[in-house]
Amino acid sequence: MNLWLKIALLVLVQIAALAAMIADKQWTLNTGTPVVLQTEPVDPRSLFMGDYARLNYQISRLRLDGEMVPGSDTALGGDKDFKRLDTVWVAIRPDPEGAKAVSVHHQRSAIPPGLLALKGEIQSLNEYEWDRATNKSVKQRTLNVRYGIEQYYVQEGTGRQIERPSDGEKVSIRVAIDSRGKAGILAVLLDGKERYRETLF
Amino acid sequence: MNDRSFGKRLEQELPRWQEQGWVSAEGGRAILADVAGRQAKMVWASWLAIAGALLLGVGVITWFAAHWNEIGKLMKLALIFAALAGSHVAHGFCLTRAALPKLAQGMALLSVLFFGAAIMLVGQIYHIDAHFPDGIALWAAGGLLTAWLFGSQPAMVASLALAALWTWNEQFDYRAMNWPLLGYLMLAAVPLYRHDWKIAARGWGGLLILWMIGWHAQPWVGEVWESQAHIRLFALQVLGLAGCWALAQASEHPFARAVRADFLLAALIGAFVFTFPDFALHLPIPASGLAPWLAALAGAAALYAAGIISLVRASELAAIRLRIGIALAIAFALLLAFEVIVPRGSSLPALLWNAIFLGVLYWVGDLGIRHGDRAMVNRAFTGFFIWLLARYFDTFWTLMDRALFFMAGGVLLLAVGGWLERRRRALLRDIESGRQA
């Protein structure tokens with residue numbers, strides 16, 4: 001094959017691979033069901049994370065069973081036998097004030113009808129949780145789940161505002177959940193108002 | 001043959017050519033000076049080109065990082081695609097217009113780096129937070145395509161390094177079997193078969209061994225120091241690697257010549273591990289279900305048998321030496337099969353392994369001498385020295401006073417080490433003089 005033909009082929013294949021990444025993401029954003037997720041503050045940023053905000057959602061921590069910490073959400077339904085790096089399917093009930101996780105399963109088919117199915121990966125499991133009211137550790141199984149929507153690249157210096165909002169400010173994220181259970185960030189909301197909105201170009 | 005080996009070979013051959021009167025003393029000196037000059041220039045040009053490509057790549061990436069916020073999405077994409085296409089075009093320009101083949105190799109490497117940067121930047125622009133190893137796999141695939149189309153060893157080495165990172169992440173971090181890597185290895189073998197790329201070929205062999213080690217990190221095998229399944233798997237892997245070595249040893253293809261040293265080393269390390277009396281004794285979790293292991297044993301044994309048959313067919317050894325080699329090969333395979341089928345209950349298998357290991361070392365050294373292969377002779381001597389040290393520790397650690405243990409060990413090491421080194425040097429001299437004759 002001629003050298004310049006090889007170069008053209010290589011350029012085409014590599015750009016097609018990059019375009020496929022973008023198309024896959026856009027497909028999620030265009031066809032997915034919009035849902036608002038409430039965020040929770042995270043630990044201070046890592047030195048290596050640069051200019052992106054790390055997002056932690058209410059549905060990132062799924063409480064399975066055990067003695068419930070007062071004030072925390074009720075235990076979730078569904079399966080209980082999980083291990084680190086398992087793929088999980090979380091049943092999500094949309095709510096304008098913030099979507100709620102209802103149950104968590106190994107299989108997508110187990111998601112109750114009428115609820116959205118969101119695919120995640122277990123990052124870690126905790127057997128105990130700290131109860132601030134009593135200053136005691138209580139037995140409670142918790143899954144820390146990653147959904148692929150935990151990073152959001154922002155203008156330099158503004159990541160901290162999203163990660164650790166000032167007193168009274170509420171950060172929520174509007175995401176789209178597609179038919180494959182994949183999620184993508186549509187917009188970042190500060191006190192319910194759009195601060196950043198995703199566009200193709 | 002690369003330039004450096006060519007120069008060394010000339011240094012060895014020229015005195016004989018001068019004696020024969022084919023080349024004058026002055027002509028010999030002029031030839032050596034010419035080769036030495038060319039060699040230095042090529043090495044420097046090559047290193048400078050690669051270093052330049054790396055610096056440029058890093059510079060472009062950091063420049064993007066510094067100005068990223070000021071650029072619109074469409075412009076960002078255009079820049080990424082243009083940089084990617086530009087590195088490929090620069091490669092073509094260096095090859096065709098400027099006739100700079102070494103710089104073209106640097107450009108090929110740069111294009112691999114750019115493709116990785118492009119994946120990361122597109123991920124950043126569109127907030128793509130996918131399974132991390134998938135991105136590395138895509139990067140490695142892009143590098144492989146570059147190496148394949150441009151015939152570039154640096155691009156292939158970069159791609160293999162990325163594939164190693166990919167499989168490390170999948171198998172050791174996520175503890176999931178990376179089956180797609182087999183497809184990658186098969187595809188990577190095609191350009192390696194076509195080109196004489198020694199470094200990349202050894203990287204390929206190393207990647208295969210890394211993938212095999214990664215099996216032991218899988219949850220279905222069980223905890224490493226508790227489950228007998230690891231011993232079965234390990235024995236099968238040693239048998240398979242020994243088969244791969246035999247197949248490669250029987251071939252004179254440059255790809256086979258490059259990978260066989262690492263396969264032999266891996267198989268020898270495997271055999272050495274089995275020589276320890278306490279190895280695999282009293283493992284609490286028995287490996288369940290023998291049938292799948294027997295099926296796997298049949299597969300590994302078939303590969304091993306194919307390798308040994310090829311080696312015997314290609315061998316020019318005298319009948320008696322050949323028979324000894326075949327007997328050792330059969331005993332080696334039978335002991336491995338025994339490790340797979342019967343869990344260790346005593347130290348008797350270790351005793352047999354020690355005998356086989358020494359026999360294999362002797363045979364490997366002998367084969368190395370006959371083939372004039374310095375690496376094989378060195379491996380045999382190193383293996384013997386390490387074996388001696390291990391047995392000394394095994395035997396005398398609990399029997400002797402610590403101070404006496406170390407003193408005796410030191411004397412033994414000095415004596416045996418000196419003797420082994422003298423024997424090794426004498427053998428290597430014989431190999432060299434045999435070559436020259």
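Chain letters run A, B, ... following the sequence lines, proteins first, then strands; residues in each count from 1. What you see is a predicted model; the values in this text were computed from it and never measured.
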- Task: Identify which part of B:Leu138 has an atom lying under 4.5 Å from any heavy atom of chain A, answering side chain, backbone, both or neither.
- Result: side chain

- Is it the side chain or the backbone of A:Leu29 that comes within 4.5 Å of chain B heavy atoms, both, or neither? neither

- Step-by-step salt bridge (Lys or Arg N to Asp or Glu O under 4.0 Å) determination, A:Glu194 to A:Arg174: CA-CA 9 Å; A:Glu194 270 184 17; A:Arg174 188 184 299 133; 2.9 Å; yes

- Hey, are B:His127 and A:Glu198 close enough side-chain-wise for a donor-acceptor pair under 3.5 Å? yes

- Item | Contact class of A:Thr28 relative to chain B, heavy atoms under 4.5 angstrom | neither

- Item | Contacting moiety of A:Lys6, where chain B heavy atoms sit under 4.5 Å | both

- Query: Where on B:Ile125 is there a heavy atom nearer than 4.5 Å to chain A: the side chain, the backbone, both, or neither?
  - Reply: backbone

- State, with a plain yes or no, whether a side-chain heavy atom of A:Ile149 is found less than 4.5 Å away from one of A:Ile173. no

- Item | Proximity breakdown for B:Ala130 and chain A, heavy-atom pairs closer than 4.5 Å | backbone

- Item | Within 45° cone of A:Tyr128 ring axis and under 6.0 Å: A:Lys139 NZ or CZ | yes

- Query: Picking from A:Ile22, A:Val11, A:Ile185, which has the most non-hydrogen pairs under 4.5 angstrom with chain B?
  - Reply: A:Ile22

- Contacting region of A:Leu85 [heavy-atom separation from chain B under 4.5 Å]: side chain

- Item | Sub-4.5 Å side-chain heavy-atom contact between A:Val90 and A:Leu62 | yes

- Query: For the rings on B:Phe114 and B:His88, is their centre-to-centre separation under 6.0 Å?
  - Reply: no

